[in-house]
Amino acid sequence: MTPDPITQAQFYEGTPSKRLFAWVLDMVLIIGICLLIVPFTVFTAFLFFPFLMFCVGFIYRTATLANKSATWGMRLMSMEIRESDDQPLSTGMAFLHTLGYSVSLGVFPLQIISIILMLTSERKQGLTDMVLGTVPMNKRL
């Protein structure tokens, strides 16, 4: 079971802002990876750069979440995403979390709902977290 947000609030303090900073760091990294790929496509990747970013981002997020329950941006912010039984994300759950994140980015009202939930819910969960039962939290020392 994940830590109780009332008696162990320290696990959830600051996670919405940490998620924002982690997201920015991850986006910079994803853009960098895409820019490294572009020359290998004889620069034609610029014609479908948003799609390339989507594909690279999806692979990056799924792989890093499956590896240590956190993207590299999250790791730098000392946070992670755990399953409801307080276990690290499995590969399947990392895939589903990335899929939910991608859908919420593609459907703008879902992203707004997710942000509101992150700011107001006890465990600071976004919409995808609520659906999957995952919990973003500060990393244990």
Side-chain angles (χ1 to χ4, degrees), residues 1-6 8-141:
M1 194 69 161
T2 57
D4 181 60
I6 304 297
Q8 297 175 305
Q10 70 272 18
F11 285 106
Y12 306 101
E13 289 175 359
T15 55
S17 57
K18 285 183 175 186
R19 275 182 116 166
L20 174 62
F21 290 124
W23 181 83
V24 170
L25 292 169
D26 290 331
M27 287 306 294
V28 168
L29 187 59
I30 290 165
I31 290 169
I33 293 168
C34 289
L35 289 174
L36 288 174
I37 291 171
V38 167
F40 294 102
T41 67
V42 193
F43 299 94
T44 58
F46 280 128
L47 299 173
F48 55 91
F49 199 75
F51 181 71
L52 177 65
M53 278 193 52
F54 171 79
C55 292
V56 168
F58 198 96
I59 293 167
Y60 164 81
R61 288 180 197 288
T62 301
T64 55
L65 286 173
N67 185 20
K68 294 204 179 188
S69 270
T71 63
W72 289 339
M74 290 177 189
R75 292 175 202 175
L76 286 171
M77 300 308 298
S78 296
M79 65 173 298
E80 61 188 348
I81 298 176
R82 306 288 280 192
E83 292 192 27
S84 60
D85 60 358
D86 204 22
Q87 295 298 311
L89 294 182
S90 65
T91 302
M93 191 61 85
F95 174 82
L96 291 174
H97 198 280
T98 302
L99 182 62
Y101 162 79
S102 300
V103 169
S104 71
L105 277 183
V107 182
F108 187 70
L110 296 179
Q111 186 63 27
I112 297 299
I113 292 167
S114 192
I115 291 168
I116 291 169
L117 288 171
M118 284 180 212
L119 296 173
T120 60
S121 64
E122 280 187 331
R123 287 187 162 87
K124 311 302 182 196
Q125 295 167 288
L127 185 58
T128 299
D129 297 314
M130 292 239 178
V131 170
L132 296 176
T134 55
V135 181
M137 62 176 58
N138 293 315
K139 200 161 181 71
R140 290 178 170 88
L141 296 176

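Just so you know, these numbers come straight off a predicted model, no measurement behind them.
- Rounding to the nearest 0.5 Å gives a distance of 10.5 Å between CG of Asn138 and CZ of Arg140.
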Donor-acceptor pairs under 3.5 Å, side chain of residues 109-120 to any protein atom, not counting sequence neighbours: which ones?
from, atom 1, to, atom 2, distance (Å)
Gln111, OE1, Ser104, OG, 3.1
Ser114, OG, Leu127, N, 3.0
Thr120, OG1, Ile116, O, 2.8

Full working for side-chain contact (heavy atoms from CB on, under 4.5 Å) between Lys18 and Met79: CA-CA 8 Å; Lys18 285 183 175 186; Met79 65 173 298; 3.6 Å; yes

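- Side-chain atoms of Arg123 do not come within 3.5 Å of backbone N or O of Met130 as any donor-acceptor pair.
- Between Met74 and Leu65 the shortest side-chain heavy-atom distance falls below 4.5 Å.
- The shortest side-chain heavy-atom distance between Asp85 and Met1 does not fall under the 4.5 Å cut-off.
- Of the possible polar contacts, none joining the Thr62 side chain to the Ile59 backbone as a donor-acceptor pair under 3.5 Å is found.
- Remark: Arg19 engages Asp129 in a salt bridge, criterion side-chain N to carboxylate O under 4.0 Å.
- With rounding to the nearest 0.5 angstrom, the CG atom of Leu99 is 12.5 Å from the OH atom of Tyr101.
- For the pair Leu76 and Leu25, the tightest heavy-atom approach, listed with the atom from each and the gap, is CD1-CD1, 4.1 Å.
- There is a side-chain donor-acceptor pair under 3.5 Å between Tyr60 and Asp26.
- Two residues are said to be in side-chain contact when any heavy atoms from C-beta on lie closer than 4.5 Å; Met93 and Thr98 fail this criterion.
- The heavy-atom pair separating Ala45 from Val38 by the smallest distance is CB-CG2, 3.9 Å.
- Using cut-offs of 30° and 60° for the angle between ring planes, the Phe58 and Phe54 rings count as tilted.
- Here the side chains of Pro136 and Tyr12 are not in contact, with every heavy-atom distance at 4.5 Å or above.
- Counting all heavy atoms, side chain and backbone alike, Ala94 lies closest to Ala66 at CB-N, 3.5 Å.
- Two residues are said to be in side-chain contact when any heavy atoms from C-beta on lie closer than 4.5 Å; Phe51 and Val56 fail this criterion.
- In this structure, the separation between CZ on Phe49 and OG1 on Thr44 is 12.0 Å, given to the nearest 0.5 Å.
- The 12-atom threshold is not exceeded at CD of Glu122, counting heavy atoms of other residues, nucleotides or ligands nearer than 6.0 Å.
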Candidate pair Thr15 and Met77, rule side-chain contact (heavy atoms from CB on, under 4.5 Å), full reasoning: CA-CA 9 Å; Thr15 55; Met77 300 308 298; over 6 Å; no

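- A donor atom on one side chain and an acceptor atom on the other are not found under 3.5 Å apart for Arg82 and Thr134.
- Atoms CG and CG, on Leu89 and Leu96 in that order, are 10.0 Å from each other to the nearest 0.5 Å.
- Considering only heavy atoms from C-beta on, Glu80 stays 4.5 Å or farther from Lys68 through its side chain.
- Using modelled atom types, no side-chain atom of Asp86 and backbone atom of Pro3 make a donor-acceptor pair closer than 3.5 Å.
- Scanning all heavy atoms of the two residues, the minimum distance from His97 to Ile81 falls at CE1-CD1, 3.6 Å.
- With values rounded to the nearest 0.5 angstrom, Met53 atom CE is found 11.0 Å from Ile37 atom CD1.
- Within the model, atoms OG of Ser69 and CD of Gln87 stand 9.0 Å from one another, a figure rounded to the nearest 0.5 Å.
- Counting heavy atoms from C-beta outward, Pro88 and Asn67 have side chains that stay 4.5 Å or more apart.
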